[in-house]
**Q** 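Before anything else, here's the structure in question.
Protein chains get the first letters and strands the later ones, always in sequence-line order, with residue 1 at the start of each. Side chains are part of it too, since the values below use all heavy atoms of this structure and drop only hydrogens, waters and symmetry mates.
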2 protein chains.
Amino acid sequence: MGRTRVRLKDVAEATGYSVNTVSLVLRGSSRLPLKTRELILKEAERQNYVPNQLARSLILQSTKMVGLVLTDIMNPTITKTARSIELDLAAKGYGVMFASSDNELANEKRALNHLQSSQVDGILIYPTNRSEISHIQNIAKSGYPILMLSDIPDANLDVVAIDDIKGGNIAVSHLIEQGHKQITVLDGAKDLGNSDKYDGAVAAVKAAGLPDSAIKIVDPEGHAAIHGFAAMQKAWASTPRPTAIFASTDSLAIGAARWCRENNLNIPQDVALVGFDNTEAAEFCSTPLTTINYASEDVSKHAVERILSRIEADNATEDTVITLIKPNLVTRESS
Amino acid sequence: MGRTRVRLKDVAEATGYSVNTVSLVLRGSSRLPLKTRELILKEAERQNYVPNQLARSLILQSTKMVGLVLTDIMNPTITKTARSIELDLAAKGYGVMFASSDNELANEKRALNHLQSSQVDGILIYPTNRSEISHIQNIAKSGYPILMLSDIPDANLDVVAIDDIKGGNIAVSHLIEQGHKQITVLDGAKDLGNSDKYDGAVAAVKAAGLPDSAIKIVDPEGHAAIHGFAAMQKAWASTPRPTAIFASTDSLAIGAARWCRENNLNIPQDVALVGFDNTEAAEFCSTPLTTINYASEDVSKHAVERILSRIEADNATEDTVITLIKPNLVTRESS
DNA sequence: TTGAAAGCGCTAACAC
DNA sequence: GTGTTAGCGCTTTCAA
C-alpha cells in the first residue's frame with residue numbers, strides 16, 4: 001500500500017504533461033485548453049486519482065477541519081449536537097474530526113493533543129472538568145481558535161452553551177407552580193464542579209419563598225438509566241419523601257420512572273417527574289416525560305459561526321464571547 | 001494562525017541544535033546525551049511544541065488512522081459499535097476518523113472520497129445500499145484495505161457483521177414457540193435491498209410448518225420511534241390481526257409499544273412484541289422489551305483485527321473473509 | 001499554454 | 001553526537 005496510491009506525478013507521466021499542469025486542471029483552472037483538460041481529467045479518472053489532502057494541507061496551512069471533543073459519544077443529546085455541528089460545518093466547507101474524552105481528563109488532554117497535531121483549524125469542546133481547564137486556556141493563549149460547549153465562568157474562553165442554571169430554574173419553577181413543596185434533584189455533575197442545574201433549582205425554591213429544606217439532591221453516580229433507577233430508590237427512601245423529582249438528564253429520569261413503575265408509584269399522581277434534554281426516549285417512555293429542551297441546532301449554529309469567525313479572521317485577538325442559550329420547557333404527562 | 005504554530009525549526013533555533021537532533025530527541029532517541037535531551041525537551045515544552053502529523057504522515061506513508069463510515073450517527077447501536085471500534089483501535093495505536101452517510105448514497109461516496117484523500121490507512125463501512133456497491137468494490141480493487149460492517153452477499157469484500165437472517169429467525173421462532181400464529185414484521189430496509197431480518201423471519205414460519213399467510217410485513221418508512229408508532233397502527237388495522245409483532249429495531253418497537261398503550265392494548269397479553277438491537281431504551285421502556293442482542297463488542301473486535309491485518313500485511317491480496325456473528329435472544333416482559 | 005524550481009514540516013540515510 | 005541532504009505529494013511563484 002502507500003506506494004500503490006496514485007499521485008499527480010502518475011497522471012502527469014501518463015499524459016505527458018507536467019505535474020503542475022495536471023494540478024491546475026484537477027483544481028478546475030479554466031485557462032487551459034479544453035483538449036488538455038479533458039485528456040487529463042479522463043486519465044485521472046481512469047487511474048482513480050484521489051488528491052492527497054495531507055500534502056495539500058501542509059502547503060495551504062489549513063486542513064479545513066474543525067476538531068470536536070465530546071465527553072460521551074453514547075449521550076444522545078451530545079450526539080445530536082455533534083451531528084448538527086457536522087452539518088453546519090459541512091455547509092461552510094469544513095469537515096469535523098471527532099474525539100471523545102469519556103469524561104476523563106487524561107483522555108481529554110490526549111484528544112486535544114491529537115487534534116492539534118492533526119492540524120485542525122479550530123477546536124470545539126465539551127469540557128470534562130470545570131476545575132481543570134488550564135490546558136484549554138493554554139491552547140487558547142497560543143493563538144489556537146477554541147470554543148467551549150459548556151459554560152465555565154471566568155474561564156476567559158469563548159463559550160456557546162445551553163443555560164443550565166436557567167434550565168434548572170425553569171424545571172423546578174414549573175414543579176413549584178404545580179404545587180410541589182418537597183423536591184429532589186438527581187444530579188451527579190457536582191464532582192466535576194458543575195452544579196448549574198442544581199443551582200438554578202435552588203434559586204427557584206428561594207424565589208418561591210420556600211424553605212431551604214424544600215429541595216434535596218441525590219447523586220446518581222453515573223449517567224445511565226440504571227443510575228437513575230438506583231437514585232430514585234434513594235430519593236424515595238429519605239424523609240420527608242419528595243413529591244417531585246427533577247432529573248438532570250432524561251436518561252436518569254427514565255431510570256427513575258422505571259423504579260416508580262416497579263414500585264407501583266403513579267407518575268405524576270404519586271411523584272411528578274421532570275427531565276432534561278428532550279431526547280426521543282423521553283417522548284416515548286412509559287409516561288411521556290416533561291423535560292427541558294436542549295436546543296442542539298441553536299448551540300450548533302452559534303458555535304460554528306463563532307469558531308469560523310475566529311478561524312477566518314486569523315484569530316485576531318478579540319474579546320471572549322459567552323453565548324448562553326435559554327432552554328424551554330416541554331410539558332408532557334409526567335408533571 | 002498557522003505561522004504562529006511552533007515547528008521543529010523553532011525549537012532547533014532556540015537551542016542551537018539542528019532540526020534533525022531535535023526531531024531525534026522528541027521521538028525519544030536514547031543515543032543522545034542526557035544533557036542535550038533535557039535541554040531540547042525543556043525548550044519544546046516551553047514553546048508548547050506540537051508535532052505536525054500532516055508532515056509526519058506524508059513521509060511515513062501512514063496516518064495510523066482508520067476511517068469509519070456510519071449510516072446514522074443517531075442510532076445508538078451504531079454509535080455503540082463505533083465507540084467500541086474506537087477503543088479497540090486505540091489499543092492498537094490507531095485513531096479513527098468518522099464520517100456519516102445518513103443513508104444517502106451520495107453522502108457515502110463523498111465520505112469515502114474524503115477518507116481516502118485524508119489518507120486513512122483503511123476503511124470500515126456500514127454500507128447504505130445493497131444494490132449499489134461498485135464504488136466500494138473499486139476501492140478494494142485499487143488495493144485499499146476496506147471492510148463492510150453489514151453483510152452483502154457476493155460482494156467479494158471482507159465483512160464482519162451481525163447475522164441478521166439468524167436474528168430474524170431467532171426472534172420469530174421465539175414468538176412461534178410462545179404459540180403465535182399470526183405475526184407482523186415491522187421492517188423498512190427492503191428498499192435498500194436488505195430483507196435479511198424478514199427473510200429469517202419467513203424461514204422460521206416455514207420451518208414451523210405454518211402457512212405463508214402467518215407472516216406479514218409493514219414498512220414503517222423510517223427509523224425513528226414515531227415511524228414504529230404509525231406502523232403499529234397499520235399492522236393492527238389489517239385483517240387478520242397479528243397476535244405478535246417483530247420490529248426490526250428497538251426504536252421501532254418502542255414506538256409500536258407506545259401505540260399499544262395509547263390504544264389500551266396490553267403487552268404481551270393482547271400483542272407480543274420483539275425488538276432488535278438490545279438498546280438501553282429497550283430495557284427501560286414501559287414494558288421491558290424482548291429483543292435480539294446486537295453484540296457490538298464482537299463486531300468491533302473482529303472488524304478491527306481484520307482491517308489491521310490487511311493494513312499491516314500491506315494488504316497482500318488474500319481471499320475475502322466473511323465473519324457473521326450469531327446474535328442471541330434477550331427475553332423480557334414483552335413476549 | 002506549459003514547465004521548472006522552491007518549499008510546506010517532517011524523517012531517514014549518510015556524513016563528519 | 002550531531003549536521004547535511006534529499007524527498008514525501010502537493011501548490012505557487014516565475015519563466016519560457
Side-chain angles (χ1 to χ4, degrees), chain A residues 1-41 43-44 47-65 113-114 116-121, chain B residues 1-41 43-44 47-65 113-114 116-121:
Chain A
M1 278 300 313
R3 30 260 73 121
T4 187
R5 243 101 101 175
V6 181
R7 303 155 301 165
L8 281 186
K9 201 181 173 202
D10 300 312
V11 178
E13 281 170 359
T15 53
Y17 286 97
S18 74
V19 165
N20 186 357
T21 305
V22 174
S23 169
L24 241 37
V25 169
L26 291 181
R27 276 179 291 150
S29 165
S30 51
R31 26 182 274 251
L32 280 323
L34 200 70
K35 272 245 173 131
T36 314
R37 284 191 274 163
E38 279 180 344
L39 186 72
I40 290 177
L41 285 173
E43 180 60 20
Q47 293 202 36
N48 240 307
Y49 172 77
V50 179
N52 185 331
Q53 281 296 342
L54 259 42
R56 194 154 194 278
S57 298
L58 190 57
I59 288 226
L60 300 183
Q61 296 283 34
S62 155
T63 51
K64 285 281 184 180
M65 282 281 190
N113 236 287
H114 178 242
Q116 281 195 91
S117 81
S118 299
Q119 309 298 116
V120 295
D121 294 340
Chain B
M1 280 300 314
R3 330 80 268 170
T4 187
R5 241 101 101 175
V6 182
R7 303 154 301 163
L8 281 187
K9 201 182 173 201
D10 300 312
V11 179
E13 281 170 359
T15 52
Y17 286 97
S18 76
V19 166
N20 186 1
T21 304
V22 175
S23 170
L24 241 36
V25 169
L26 292 180
R27 276 179 292 148
S29 166
S30 52
R31 26 183 274 250
L32 279 327
L34 200 70
K35 271 243 172 133
T36 315
R37 283 190 276 162
E38 278 180 344
L39 185 73
I40 290 176
L41 285 174
E43 179 60 21
Q47 293 202 36
N48 238 309
Y49 171 78
V50 179
N52 186 330
Q53 281 297 342
L54 260 41
R56 195 153 194 279
S57 299
L58 191 57
I59 286 228
L60 300 184
Q61 296 283 35
S62 155
T63 52
K64 285 280 183 182
M65 282 280 190
N113 237 288
H114 177 242
Q116 282 195 89
S117 82
S118 300
Q119 308 298 116
V120 295
D121 293 340

**Q** Reckon B:Q61 has a side-chain N or O less than 4.0 Å from the OP1 or OP2 of D:dG9?
**A** yes
**Q** Rounding to a whole Å, what distance do you find between B:N52:CG and C:dG7:C1'?
**A** 14 Å
**Q** Using whole Å, what does the distance between atom P of nucleotide C:dG9 and atom CD of B:Q53 come to?
**A** 15 Å
**Q** State which of C:dG3, C:dT1, D:dC10 makes the closest approach to the side chain of A:L32.
**A** C:dT1
**Q** What is the distance from CG of B:L8 to P of D:dG3, rounded to the nearest Å?
**A** 13 Å
**Q** Select base, sugar-phosphate, or nothing to describe what B:T36 touches, counting heavy atoms under 4.0 Å on all strands.
**A** sugar-phosphate
**Q** Taking the side chain of A:L60 as its heavy atoms from C-beta onward, which of D:dT11, D:dC10, C:dA12 lies nearest to it?
**A** D:dT11
**Q** What's the CZ-P distance between B:R31 and C:dA15, to the nearest Å?
**A** 15 Å
**Q** From the set C:dG7, C:dT11, D:dG1, return the single nucleotide nearest to any side-chain atom of B:P33.
**A** D:dG1
**Q** About how many Å separate CZ of A:R56 and NZ of A:K64, when rounded to the nearest 0.5 Å?
**A** 9.5 Å
**Q** Give, for atom CG of A:L58 and atom CG of B:N52, the distance between the pair rounded to the nearest 0.5 Å.
**A** 6.0 Å
**Q** CD of B:Q53 to OG of A:S118: how many Å apart, nearest 0.5 Å?
**A** 6.0 Å
**Q** Check whether any side-chain N or O of A:S23 sits under 4.0 Å from OP1 or OP2 of D:dC10, and answer yes or no.
**A** no
**Q** Applying a 4.0 Å non-hydrogen cut-off, can you work out what B:R27 is touching in the nucleic acid: base, sugar-phosphate, or nothing?
**A** sugar-phosphate
**Q** Does A:Y49 place a side-chain N or O at less than 4.0 Å from the phosphate oxygens OP1/OP2 of D:dG9?
**A** no
**Q** Let me confirm one number: the OG-NZ distance from B:S23 to B:K9, rounded to the nearest 0.5 Å.
**A** 15.5 Å
**Q** Can you tell me the distance, in whole Å, between the OH atom of B:Y17 and the C1' atom of D:dT4?
**A** 17 Å
**Q** For B:L54 and D:dT11, what is the distance between atoms CG and P respectively, to the nearest whole Å?
**A** 13 Å
**Q** Would you tell me if any nitrogen or oxygen in the side chain of A:R5 comes within less than 4.0 Å of OP1 or OP2 on D:dG9?
**A** no
**Q** How far does OG1 of A:T15 sit from CG of A:L39, to the nearest 0.5 angstrom?
**A** 6.0 Å
**Q** Is the phosphate of D:dT11 approached by A:R56 (side-chain N or O, under 4.0 Å from OP1 or OP2)?
**A** yes
**Q** Closest approach of B:S62 and B:D121, non-hydrogen atoms and distance?
**A** OG-OD2, 2.9 Å
**Q** What is the separation between atom CD on B:E13 and atom C1' on D:dG3, rounded to the nearest whole Å?
**A** 15 Å
**Q** Looking only at N and O atoms, is any donor in the side chain of A:N20 or the base of D:dT11 less than 3.5 Å from an acceptor on the other one?
**A** no
**Q** Which nucleotide sits closest to the side chain of B:V19: C:dT2, C:dT11, D:dC10?
**A** C:dT11
**Q** Under 4.0 Å between a side-chain N/O of B:S18 and OP1 or OP2 of D:dG3, yes or no?
**A** yes
**Q** Starting from P on C:dG7, measure out to CG on A:L58 and report it in whole angstrom.
**A** 14 Å
